[in-house]
Participant: 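Right, I'll just put the structure down here and ask away after.
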Amino acid sequence: MASDDAGSEQESIPYKFGKTHEIGDIREQYGTLEPGRGTGEVVSVAGRILRLRRQGKVVFAELRDWSGSVQLFAGADFTERFDRLARCSLGDWIGASGEVVTTRRGELSVRVDTWELLALATLGFGDKWHGVADIDKRWRHREVDLWANEGPMTTLLTRSRAVRAVRSLLEDRGFVEVETPVLQPQPGGAMARPFVTHHNALDSDFYLRIALELHLKRLVVGGVERVFELGRAFRNEGLSPRHNPEFTMLECYQAYADYNDMAELTEQLVAGAAQRVVGRTVVTYQGRELDLTPPWRRATMTELVSEKVGQQVDLAAGRQQLSRVAEQHGLEVLPAWGAGKIMNELYESFVEPDLWQPVMVFDYPREVSPLARPHRSEDGLVERFEAVVAGRELVNAFSELTDPDIQRENFERQAEAKASGDPEAMAVDEDYLFALMHGLPPTGGLGMGIDRLAMLLTDSSNIREVIPFPTLRPAPDPTAG
RNA sequence: GCGCCUCUAGCUCAACGGCAGAGCAACGGACUCUUAAUCCGCAGGUUCUGGGUUCGAAUCCCAGGGGGCGCACCA
């Protein structure tokens, strides 16, 4: 009987439901009402039944939509099909109409006159008190996580608002949004191992992009003076609490600007997003205060490394001295590393993890920055900075390299490294060089990890919390948990 | 890839070498203002998988699988 009944109930579910209010709005408007009051306002709300308390001829249910939850108050004397309502399962979706009231105990409620079943939850969702704690299940079946636990909906909505804020801040500054190819015959714009796929009709291998950079700069060559893309990039690398193989980047490029302009833009974007999303620019992250209010501290890599190792070091000191400093601090130096690479390693190993408040780390070695323009006054350096927040790189930006000859040299040096076995090195990108030979004006460029921005604004320690369906090993059995 | 930790009912967890259990959910019932409602009843298991040790294994050992954290790589 149960299954036949359920079958006909499925068929009787309406195709739409005219809800008049978000639950959150009702709570906002009437949340302070005294006990035992009516409002005269009749509303229709819809959502999922979170809890159900049967009391004989009267039933209390907690109904949750994505804006919040409110109690439904139903009674045999005034609610249609009362007995069926009392038999609903936790997790069922219903739409209910009635007056907004408070009960004797003062709980804000919708006193249900009429209601409709909108979906049956035939699989249980988890413990009504503990929710679902199995982290594997939460990530493989986010729909369950969203319903059973409090945090994920807030995280999802916050991320959405953060992306909207970034997009709108850029549009306010005259940037136009574009979409460039994900499938590329040759990946470029970053040093990373790509994913490979195959196009049947063209009988060609393609790579999933590892960065957005080169196509966007080609658009600048074409005259698109302020351009950005918010898009997915893919890197075939290990997973970690801070790395998902597919992740979302913002890249934007501004003609006639340099990296100092990009530093200012970085502050405006991050602080602006925080302001719009959480309402302030001082946030709490993992129990510590983080002050995103501009201006951020600016320091050069040389200064920061020197400070950390307790002696003045710079590229001019040469590979030998840097190598000695590195080894004094327990850092293994590979033979292929030049002075610049050693400096970068010193920075990444000893300085970056200890930076907490936002810092703009300026002026990277040329050796580790093949797409950035040589520094206007410092030998061996490029005009590049990374913005580090909470010990992690959030933004990477340059004065873009515009000289096709230097770009070709840099590509060729990368190609040599690739030939000698570095799977992450770049290849020579002739299409990009072709574009540069048509003239890239002075341009500032910036890349930001959107997932990491979302982590900061949602106080998430694991990137998988801000990605609804993170990359996981395929489950052998889809129902296994 | 390597190291450490973890996996028991739908969910949250006990049992830690001696009969696999509780709460919640589900199912049946009582109850007209509840707040994790309460009460009565009933059912629920390949203890992740496969081997081994043992009179006896959820428990100890080995191998495999899933997941987490750390390291490495990166954003």
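Each chain gets a letter, A, B and so on, in the order the sequences are listed, and its residues count up from 1. Basis for what follows: all heavy atoms, side chains included, without hydrogens, waters or symmetry-related copies.
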Participant: Using a heavy-atom cut-off of under 4.0 Å over every strand shown, decide if A:G56 touches base, sugar-phosphate, or nothing.
Facilitator: base

Participant: Which nucleotide in the list B:A75, B:C33, B:G67 gets nearest to the side chain of A:F73?
Facilitator: B:C33

Participant: Any strand is fair game: report the nucleotide pairing with B:C60 by Watson-Crick or G-U wobble, both distances under 3.5 Å, or none.
Facilitator: B:G52

Participant: From the list B:C71, B:C69, B:A25, which nucleotide is the closest neighbour of the side chain of A:P241?
Facilitator: B:C69

Participant: In this structure, how many angstroms lie between the P atom of B:A72 and the CG atom of A:L331, rounded?
Facilitator: 10 Å

Participant: OP1, OP2 of B:A75 versus side-chain N and O of A:N244: anything below 4.0 Å?
Facilitator: no

Participant: For a 4.5 angstrom cut-off between non-hydrogen side-chain atoms, does A:L169 reach A:R276?
Facilitator: yes

Participant: Tell me the interatomic distance from A:E393, atom CD, to B:C73, atom C1', rounded to whole angstroms.
Facilitator: 13 Å

Participant: Across the strands shown, which category fits A:Q71 at heavy-atom distances under 4.0 angstrom: base, sugar-phosphate, nothing?
Facilitator: base

Participant: Tell me what A:R54 touches on the nucleic acid: a base, only sugar-phosphate, or nothing, going by heavy atoms under 4.0 Å.
Facilitator: base

Participant: Between C1' on B:C39 and CZ on A:R53, what's the gap in Å once rounded to a whole number?
Facilitator: 17 Å

Participant: Between C1' on B:G10 and CH2 on A:W147, what's the gap in Å once rounded to a whole number?
Facilitator: 14 Å

Participant: Below the 4.0 Å mark, does B:U34 have OP1 or OP2 next to a side-chain nitrogen or oxygen of A:R105?
Facilitator: yes

Participant: Sort out the partner of B:U12 for me: Watson-Crick or G-U wobble, both distances under 3.5 Å, none otherwise.
Facilitator: B:A22

Participant: Quick one: which of B:C69, B:A75, B:C33 gets closest to the side chain of A:N462?
Facilitator: B:C69

Participant: State, with a plain yes or no, whether a side-chain heavy atom of A:N260 is found less than 4.5 Å away from one of A:F362.
Facilitator: yes

Participant: Side-chain N or O of A:R140 versus OP1/OP2 of B:G67: is the shortest distance under 4.0 Å?
Facilitator: yes

Participant: Please work out whether the ring planes of A:F350 and A:H329 are parallel, tilted or perpendicular, with thresholds of 30° and 60°.
Facilitator: tilted

Participant: Compare all side-chain heavy atoms of A:E34 with those of A:T102 and state whether any distance is below 4.5 angstrom.
Facilitator: no

Participant: How are the rings of A:Y259 and A:F385 set relative to one another: parallel (under 30°), tilted (30 to 60°) or perpendicular (over 60°)?
Facilitator: tilted

Participant: Taking the six-membered ring for Trp, does A:F247 stack with B:A75 (centroid gap under 5.5 Å, planes within less than 30°)?
Facilitator: yes

Participant: Determine the interatomic distance between C1' on B:C7 and the same-named atom on B:A14; round to the nearest Å.
Facilitator: 15 Å

Participant: Picking from B:A75, B:U35, B:G67, which would you name as closest to the side chain of A:R235?
Facilitator: B:A75

Participant: Could you check which of B:U32, B:C33, B:A72 has an atom nearest any side-chain atom of A:S240?
Facilitator: B:A72

Participant: Mind checking A:D77 for me? I need base, sugar-phosphate or nothing, with any heavy atom below 4.0 Å counting as a touch.
Facilitator: base

Participant: Ignoring hydrogens and geometry beyond distance, is the side chain of A:E107 in donor-acceptor contact with the base of B:U34 at under 3.5 Å?
Facilitator: no

Participant: Return the nearest nucleotide to the side chain of A:R51; candidates are B:C33, B:G70, B:A36.
Facilitator: B:A36

Participant: Roughly how many Å is it from CD1 in A:I463 to P in B:C69, rounded to a whole number?
Facilitator: 12 Å

Participant: CG of A:L72 versus P of B:C33: gap in Å, rounded?
Facilitator: 18 Å

Participant: For B:A15 versus B:G52, give the span between their C1' atoms, rounded off to a whole number of Å.
Facilitator: 24 Å

Participant: Could you work out which one of B:C33, B:G67, B:A75 sits closest to the side chain of A:V58?
Facilitator: B:C33

Participant: Mark yes or no: A:R111 above the aromatic ring of A:F78, with NZ or CZ under 6.0 Å from the six-membered ring centre and no more than 45 degrees from the axis.
Facilitator: yes

Participant: Report the base-pairing partner of B:C2 (Watson-Crick or G-U wobble, both distances below 3.5 angstrom), or none.
Facilitator: B:G70

